[in-house]
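For reference, the structure is listed below as structure tokens.
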There are 2 protein chains.
Amino acid sequence: MRSYRQYCGLARALDSVGDRWVLLIVRELLVGPRRYNELLDGLPGIATNLLAERLRELEEIGVITRHGDHTYVLTEWGQGLHDVVYALGRWAAPLMDRPAPHDEFRSHWLSHPIHLLYEGVDRRRPKLSVEVNTGNAPMTIASNAGRVSVMPGKPASPDLVLAGPPDGIVGLLSGRLDRAGAAKRGVSVKGDLRKLAKLRPHRATGAALAT
Amino acid sequence: MRSYRQYCGLARALDSVGDRWVLLIVRELLVGPRRYNELLDGLPGIATNLLAERLRELEEIGVITRHGDHTYVLTEWGQGLHDVVYALGRWAAPLMDRPAPHDEFRSHWLSHPIHLLYEGVDRRRPKLSVEVNTGNAPMTIASNAGRVSVMPGKPASPDLVLAGPPDGIVGLLSGRLDRAGAAKRGVSVKGDLRKLAKLRPHRATGAALAT
DNA sequence: CTGCATCCGGGCCGATACTG
DNA sequence: CAGTATCGGCCCGGATGCAG
């Protein structure tokens, strides 16, 4: 990208990561190291040459490194983009009510809104294991020792099984939808939802998503 | 900008404000309402047609509104981009050591790194009035009742007068440069620097900029 | 003078075909 | 699997025109 040529932090940042697709690549790598084809799958719509070019640029400026096994990883500085990506995601929450007609979705993207909803440690959170079936693959939400984590795959013995489109799932997780509202969006629930509500922070910190 | 067509908060955000120049326009409006030509001046390098087009798009999606007196203002939602702009600026701090040869600079941009350095209220901060001469116009940094503010223009009776290139000025303000280091970068100082150091938070919160 | 609109050249982006 | 090569089209940048 052509430089803005301004001595300003924002301009410098955008010179580095303002190119199309760049922050979405970072989004993928925030979850963990990824191989080229995994990135392609997590970035529906990107052209293969663009992905290759962006990865080269990001390596040159020190945002990512390439491991021997053909995986790409964020450097420590690159991980600093976490706050940027989450600030943008939080800001766009009001736009997320419904998926647009041709929107793509990948299950592992769930990890980001979930981390927004359940960030931090809260000892009052019950232990819980939730199977989520939305998008292209099953995911597990696990609450342990006051901390909530998200992983690919099904849990061994889920307390709760959710299935349906991502807006309904997230609406249910955020508390913006109740069981009936989520059902209207095509979400099916097996199990007790009451424990789910207790995962959220008590002092309504997740308000940004709920708006 | 062509939509990413992904049901993801980050993608939605970039669909809205990922276009070239958009976040820089927001940077300008974060300081306050601005007229068209003021924006042109604060955005060196932008083409006039692009500014007009971006302003129209930003109004359509509800990030800005147009006041009767031909000024553009951020909506409440638009002001939410503060966190995005500052997250990007903070992340890019390591790139800000020196201006590049042809970098432009505007004095009022100082307000952003200064708000990063001196955010919040700290009653132990001394009352202080600083005149800063860098860029295209003089600026005033004022510390009152534990809060630091930045305004255009010269103070009536400054305790301290700084002049020189912006990297030296910011280096001095952040504490990353001492008087000698700043002098090497062409900064002249009139007055006592010790009070300046007391403006910074005691628990080294400005570490991001200092790195 | 301010606040844009129009026009045009160049570069970046998107889609697909192809290769080690 | 992990990219490279190519080409059409669109967006951006810069200059200029023009209405209130």
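Throughout, protein chains are lettered first and strands after them, A, B, ... in sequence-line order, and every chain is numbered starting at 1.
Taking the side chain of A:W21 as heavy atoms from C-beta on, and the options C:dG14, C:dG3, D:dA2, the nearest nucleotide is C:dG14. The side chain of B:R56 has C:dA5 as its nearest neighbour among D:dA2, C:dA5, C:dC4. Listed candidates were D:dC12, D:dG13, C:dG3. Nearest to the side chain of B:Y36 is C:dG3.
For the pair A:E53 CD and D:dT6 C1', the interatomic distance rounds to 14 Å; values are reported in whole Å. Atom NE2 of A:H70 is separated from atom C1' of D:dG3 by 10 Å (rounded to the nearest Å). D:dG3 atom P lies 14 Å from atom CG of A:L58, rounded to whole Å. Summarising the geometry, the separation between CZ on B:R20 and P on C:dG11 is reported as 14 Å, rounded to the nearest angstrom.
Between A:R66 and D:dA2, a side-chain N or O to OP1/OP2 separation shorter than 4.0 Å is absent. Regarding contacts with the backbone of D:dA2, a side-chain N or O of A:R35 is found under 4.0 angstrom from either OP1 or OP2. The phosphate of D:dG3 (OP1 or OP2) has a side-chain N or O of A:Y72 nearer than 4.0 angstrom.
For B:D97 and B:R185, the salt-bridge test passes: some basic side-chain N is under 4.0 Å from an acidic carboxylate O.
Each of A:N37 and A:R2 has a nearest nucleotide on DNA chain D; the 5'-most of these lies closest to A:N37.
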**Q.** Pair B:Y4-A:W21, ring-ring contact (aromatic ring centres under 6.0 Å, His included): steps then yes or no
**A.** CA-CA 9 Å; B:Y4 286 110; A:W21 292 106; 4.7 Å; yes
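Donor-acceptor pairing under 3.5 Å is recorded for the side chains of A:S3 and A:D15.
With hydrogens and angles ignored, no donor-acceptor pair closer than 3.5 Å exists between the side chain of A:T48 and the base of C:dA15. For A:N49 and D:dG3, a side-chain-to-base donor-acceptor distance below 3.5 Å is absent, hydrogens and geometry of angles not being considered.
Between B:Y36 and B:H70, a ring centre-to-centre spacing not shorter than 6.0 Å is recorded.
Across all strands, B:A52 comes closer than 4.0 Å only to sugar-phosphate atoms, never to a base (heavy-atom distances).
Across all non-hydrogen atoms, the minimal contact from B:S143 to B:R125 is OG-CB, 4.1 Å.
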